[in-house]
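In what follows, chains are A, B, ... by sequence order, proteins preceding strands, each numbered from 1. Hydrogens, waters and symmetry mates are skipped; everything else that's a heavy atom, side chains included, is used.
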Amino acid sequence: MPEIPKTYEPQKYEDKIYALWEKSGFFNPDNLKLPKNAKAYSIVLPPPNITDKLHLGHSSMLAIEDLLIRFHRMKGYRALWIPGTDHAAIATQNVVEKKLLKEKNITRHDLGRDKFLKEVWKFLRVTQKTILNQTRKMGASLDWSREAFTLDDERQKAVTRMFVEMHEAGAIYRGERIVNWCPRCKSTLADDEVEYKEQKTKLYTFRYWKNFPISISTTRPETKLGDTAVAVNPKDARYKKYIGQEFEGFFCGIALKIKIISDRNVDANFGTGALGVTPAHSMIDWKMAEDNKLEKVKVIDEDGNIKKDFGEFSGKTALRTRELVVSRLKEDSLIEKEDDIENNLSVCYRCATTIEPLPSKQWFVNVNKPLKKLGNKSLKDKAIEVVKKKKIEFIPFRFTKSYLDWMNNLHDWCISRQIWFGHKIPVWYKSKDIYVGEIAPKGKGWKQDPDSLDTWFSSGMWTFSTLGWHSFAKASAGKSDRIIKTGDLARFHPMQVLETGYDILTLWVSRMILMSSFAMKEIPFEKVYLHGLVLDKFGKKMSKSKGNGIDPLDMISIYGADAVRMAILLGSTPGNDVRISEEKIESFRNYVTKIWNIYRYSAMAYADFNFIEKINKKDIKSLADRWIVSNLNNVSGEITKDLENYRFSMAGEKLQKFVWNDFADWYLEINKAEKNSKILGYVLDKILKLSHPFAPFVTEKIWQDFFQGRKILMVEKWPVADNDLLDKKAKLEFDNLKQVVTKIRNIRTSYHIDPGKTIQVFAKKIENKEILEKMARIKIEIVLKSSAKGIAIVGKNIKLTLAISDLIDVEKEKARLEKEITNFDGLITKIEALFKNSNFVKSAPKEVIVANKVKLKEYQEKLKIQRELLKNCIY
RNA sequence: GGAUCCUUAGCUCAAUGGCUAGAGCACCUCGUUUACACCGAGGGGGUUAUAGGUUCGAGUCCUAUAGGGUCCACCA
């Protein structure tokens, strides 16, 4: 056996190991040697934006998903994990625009659409490779042969087809309504892309003209040029008499016709209790105008300036107009009050420009319309139904409520965006004709819609567009309503789990459910695992823009990917934010080194060292052997259960405790005395396999070191706990032994007794004398009496004499046992009562009865052993 | 206004209603025994935010209070 270095240096091996895995072909489930009926386990990677660099948020997602995939692959599932990237239309366009401005001082309008798009593609080809290469550094076992991009040919075809199919089914329509318009991005924003910023502003209270009967309050006087009504609360006694009346006059020189209407959304206590209705520039006013059939006068244009026909104000910016209107009102002494108030300003989430609500022609997904295709249910109904019927489960469960709340309040989804980069809308116009289809209509004069689709439209299709949905949809077009899936779609859809951050639950997850309900008539995934956000050690959100984060690539190069993965996976729980610090990563690097050194010792200490899959009972020789083997099989069963139930942190902690505290600190030391290489090989075999999903690199490196390429750990079988090897008594006995060893050690050090000296111990009997001596590093002479306490005499060449009762706190043990017995009796009484009650047996779910019976049995067994041990060893 | 999460050791976090509330880091003492100083042994440090309740048994479930975070709606 060649010399093995003292420490494991991840930098040296990680890339090579990743290359070995990739070369093996086993990332692709088609290459796994599996029985035909092997179950599928599929995950699709939430596609990172092409403009992203790997940050800890990605690392977290990759660590969790790779853990799931490796675990299931080893368990014999047809494990598929699909990589890909998102074109992130608006974000990418913004980045390229900024870049062009900075480097060449030009705008996209200077370049023109085609040249600009060429620039975007040139840019994204580079960044796309970067982010995907960085995912490799985390050890992600993604099937690269199925790599996808939301804007590649296959996905473009799928998106186009989806739009056409939805349009044909009546689920997409074109309509005018108030949208959130960003005058800088020149694009609409979805409701959840709008951010709110608190600001101080003035609330003006004034009348339109002198003899107008009601004064109104507003923070935006400039929009009042387009008012067509004043709304009051129907219950407001002050204004009741005016409801229904119409007034005409001039406001700042502009002729207005104002109708007094009532609406229960008006708050009688705000301002004057009367609201000037500007239909074209406020969502809520638009609705009132529809209800009351009012005229909708547009005041502000797409650049954020006042339109023509508004006299002196035309062409001026909205802000400037506000100043002008206010001073004009002051001149005419129409202003009654100016109050300082705080309100929320809507701003663009990309560029923080103030949002201008504007009416505009847009394409919408109708979420409320009953669709024939969905059995006369609406998309919204369907998306609610699948969650209510528990076809889709959220982890943690509480997000079910967030999802349902959001879905219940869902409005039609505006899917057109006024940007150049993205999926083109498959709609063509010729004068008043509109054509919707996958390819351009024949004939001259047709012009394609200049807008692009919302990026969530394409990522909403991600679970099936990545599995070849386009060709499937094409093939099944016109055929009956029954969907017969083929190929990858048949094998891998719906996926088993979607793993993503809770911050995009509504943005993305909900849309995937909508889209899959329509296209596939099935759920996109069975479970949604939502991880928390990764925060820095001050509890701030790490983000690419703030630059306050720990760079995972730096951490990987210093401490290794395994340490980074474990720091993310352990000590965190689903849906809760996790703070990562360098210290935490460092401590897991130490753990990785520990695993390495366990192997180093084993391989160096035994010439015949081998990894052993199974052992016989006759290989188990000592108490320590019984204990470690039993403990291993117990813990491996628990770890498996925890992983199956998405309790990664719990699984990892149990594993770490077993490896470090039990195996390395205790068993290995004893093994040096007992020399049982079989048990060592057996336990280490399991440790490597159980650790592999958490720390794939170091475990594989050890495996390769030993097998020299003859086997790959990544595709080894997951260990199944062997219940025959469980030995509960061994654990209790060994715990006792550990206590005694510890006490003797403490006494030895506190009396400064040199190692190798002898002490006498009074006891009826002491088992495992040799282990005791080895571990406590002192010679022990057993005095077979159980009389009085021994006397401790300290001095040179003098023996220390102890009674075993000095070594274990008998009173404490007794008290503990008594308390447990009391509780236990209560439990027995309760359970017996439950079983006597025939109603309970009938009504209670089977699991409850079984669980209670198991509990009862376990308690009985444990207490029996404890009582026995206390009798034998202590008294 | 609605929803939701959190409050546990000095710090960061765990703990399927069940055994002595656990880890890591930090701190103190001891230790270099051929796997490992990226180490080992031990120790100190907790009224689990507060007050009630349910239970044989509560950090965990219920009610209320206080403080902190997040999301949604509204913001004339």
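Between the side chains of A:Thr205 and A:Ser217, at least one donor N or O sits under 3.5 Å from an acceptor N or O.
Both A:Arg398 and A:Tyr591 sit near RNA chain B, but only A:Arg398 has its closest nucleotide nearer the 5' end.
Applying the Watson-Crick and G-U wobble criteria (two distances, each under 3.5 Å), B:U70 pairs with B:A3.
In terms of modelled atom types and a separation under 3.5 Å, the side chain of A:Arg745 and the main chain of A:Ala776 share no donor-acceptor contact.
Between B:U55 and B:G1, the distance separating the two C1' atoms is 37 Å to the nearest Å. B:U34 and B:U16: their P atoms are spaced 42 Å apart (whole Å). Across the C1' atoms, B:G44 and B:C62 are found 37 Å apart, a figure rounded to whole Å. Between B:A21 and B:A9, the two P atoms lie 15 Å apart (nearest whole Å). Between B:C36 and B:A41, the distance separating the two C1' atoms is 15 Å to the nearest Å. Taking atom C1' in both B:G45 and B:U54, the straight-line distance is 33 Å, to the nearest Å. The gap from the C1' atom of B:C19 to that of B:C39 amounts to 32 Å, rounded to the nearest Å.
Closest to the side chain of A:Thr573, from the set B:A15, B:A76, B:A41, is B:A15. Comparing B:C38, B:A35, B:A3 by their closest approach to the side chain of A:Arg589 singles out B:C38.
A donor-acceptor contact under 3.5 angstrom links the side-chain atoms of A:Glu669 to the base of B:A35.
Between A:Phe663 and A:Phe658, the angle of the ring planes stays under 30°, which puts this pair in the parallel group of the 30/60° scheme.
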